[in-house]
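Right, one structure below, let's go through it.
Remember, it's a predicted structure, so these values are computed and weren't measured experimentally.
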Amino acid sequence: MLQSFNSTNSSMELSSSLTHFSKKLSDISFSSSLSPFPLQLYPQPSKPKNLRVLAVAVGPSQELPRNSPQRLLKELAHRKKATAPRKKVPPKRFILKPPLDDKKLTERFLNSPQLSLKQFPLLSSCLPSSKLNTADNTWIDEYLLEAKQALGYPLEKSDELGDDNPAKQFDTLLYLAFQHPSCDRTNARHVRSAHSRLWFFGQYVLELALAEFFLQRYPRESPGPMRERVFGLIGKRNLPNWIKAASLQNLIFPYDDMDKLIRKDREPPVKSVFWALFGAIYLCFGMPEVYRVLFEVFGMDPEAEDCQPRLRRQLEDVDYVSVEFDGNKLSWQDIATYKPPEDALFAHPRLFRACVPPGMHRFRGNIWDYDSKPQVMQILGYPLAVNDRIPEITEARNIELGLGLQLCFMHPSKYKFEHPRFCFERLEYVGQKIQDLVMAERLLMKHLDAPGRWLQEKHRRVLMNKFCGRYLREKYLHHFIIYSEQVQDAYENNRRLRNPATTAVQQALHGLSYTVYGKPDVRRLMFEVFDFEQIQPKSV
């Protein structure tokens with residue numbers, strides 16, 4: 001039954017055209033509280049006619065009831081404004097998957113091409129983690145001949161070569177070198193990972209190749225200008241020019257004009273392909289082929305104006321250089337085709353002569369030679385046992401090794417201003433590059449399933465300058481560094497000045513061991529003597 005209710009309260013009004021009450025309003029009694037109303041009315045029963053209901057009007061000052069829908073909607077709208085925008089869902093490849101069980105993991109590794117070459121473990125570690133599929137072979141059939149022709153290689157398939165020839169894998173590595181992160185095939189895990197491992201390795205191959213080239217081409221120059229020359233040749237701004245000179249741009253950007261792309265879209269793919277290309281070439285053909293591709297295929301000119309070092313004050317060099325460098329500026333062909341004689345004293349004799357000046361013989365028999373050299377050689381395990389045809393060769397090598405060790409510990413503050421090459425700077429330069437390459441090889445063979453970016457970060461963390469100096473100080477070799485008197489007093493109580501010098505001596509030792517005994521001795525120093533990986537047990 002519908003009733004009509006009139007109240008004097010101004011904030012509430014409910015009206016309806018219904019039958020009037022039979023009683024007066026004064027007879028109706030209200031309780032003191034508004035809710036609930038103790039109200040009982042008994043009007044006469046009748047049919048409602050023309051029913052009209054008006055909505056409840058709420059004043060602005062009155063708060064909505066707790067369960068009111070309007071209040072809930074208001075709170076919901078306010079919360080939507082206050083909450084942060086919803087985060088994007090990560091790509092599918094970054095979501096963690098359950099690990100493979102032992103059986104599947106064993107099958108995956110045993111069937112992987114990375115374990116197929118026992119003769120060439122480094123080359124094997126740079127192969128893809130699974131066999132190439134149909135899409136990979138389609139790219140090889142369509143584009144590989146063009147790439148080989150541009151680089152000056154025979155067009156026959158490399159698979160036809162013998163198993164004892166590392167060039168048998170060249171087609172596979174050359175295909176992987178062009179699969180940069182922006183291309184179509186990068187979604188395949190085995191392609192993406194193998195390409196990143198190749199560019200990780202190739203960058204250190206390039207650095208070492210150009211360091212050796214400029215050290216022998218400019219035997220009197222300090223490493224500062226040489227670093228600028230290297231940057232002028234293989235800095236990322238100049239790499240698109242070399243790619244275009246070799247007509248390889250259509251293989252990197254098959255759907256775009258490279259010249260019209262902006263820098264951030266053009267340079268990263270070019271740099272990635274360029275580095276990976278030289279990683280593949282070095283693994284299959286060695287360092288001479290790296291020089292040929294750099295200077296013949298890409299047409300690099302070390303005398304070009306845009307790769308010359310900036311002008312600086314040069315110290316006068318009055319000391320002699322080795323006879324093979326005197327008045328003769330070596331070309332890339334001289335360095336690429338050089339083979340040391342059979343009875344050579346060193347693994348890299350010409351590089352040793354470029355880093356250790358002949359005038360170092362004036363230091364034979366000095367105090368450092370008698371007091372410090374025996375202790376240093378004992379700590380480093382020198383001299384190594386070498387089977388020489390003539391005993392005089394062994395004796396001459398040990399003498400030169402002692403002079404090279406003294407040069408490694410000779411700080412620039414001692415003699416550099418009168419004799420610019422009587423310091424460890426040139427040995428430090430080549431040592432830094434060979435140290436990077438040896439560590440890259442180690443990480444590639446140790447972590448077969450790791451992508452290149454992870455290896456790059458691991459490489460950077462292991463070879464930080466502060467760690468290199470620390471390994472030298474742990475062997476107490478920093479006590480043998482030769483400073484000038486003024487610098488000695490300043491360095492004695494200042495660790496921040498002293499530590500960079502110990503890092504430089506560490507790298508110079510690696511450079512000396514590379515020129516005298518070759519890359520195996522650098523591995524021995526880094527992983528057995530100095531324990532760069534920090535895996536040997538420590539004395540408590």
salt_bridge(K271, E267) N-O dist < 4.0 Å: no
Contact summary for S129 and R189, nearest pair of heavy atoms: OG-NH1, 3.9 Å
D319 with R220: basic N within carboxylate O range, under 4.0 Å: no
Side-chain ion pair, K157 and E160, N-O less than 4.0 Å: no
Inter- and intrachain pairs under side-chain hydrogen bond (donor to acceptor under 3.5 Å, both in side chains), touching residues 240-254, at least two apart: K244-D259
Salt-bridge contact K458-E533 (side-chain N to carboxylate O under 4.0 Å): no
Check: R523 side chain, V438 main-chain N or O, donor-acceptor pair, under 3.5 Å: no
Presence of salt bridge, E457 and R461, under 4.0 angstrom: yes
Within 45° cone of Y153 ring axis and under 6.0 Å: R292 NZ or CZ: yes
E303 bridged to K329 by N-O distance under 4.0 Å: yes
SB check E212 K433 (cutoff 4.0 Å): no
Pair R229 + E221: basic N to acidic O under 4.0 Å: yes
Whether R197 side chain and L444 backbone form a donor-acceptor pair below 3.5 Å: yes
Greater than 12 external heavy atoms within 6.0 Å of N494's CG: yes
Sidechain-backbone polar pair: D436 side chain, Y204 backbone, donor-acceptor under 3.5 Å: no
N499 (side chain) donor-acceptor with R496 (main chain) under 3.5 angstrom: no
Salt-bridge criterion met for K168 and D163 (N-O under 4.0 Å): yes
Ring-face cation of R453 near F200 (centre distance under 6.0 Å, axis angle within 45°): no
Ionic contact status for E528 with R524, cut-off 4.0 Å: no
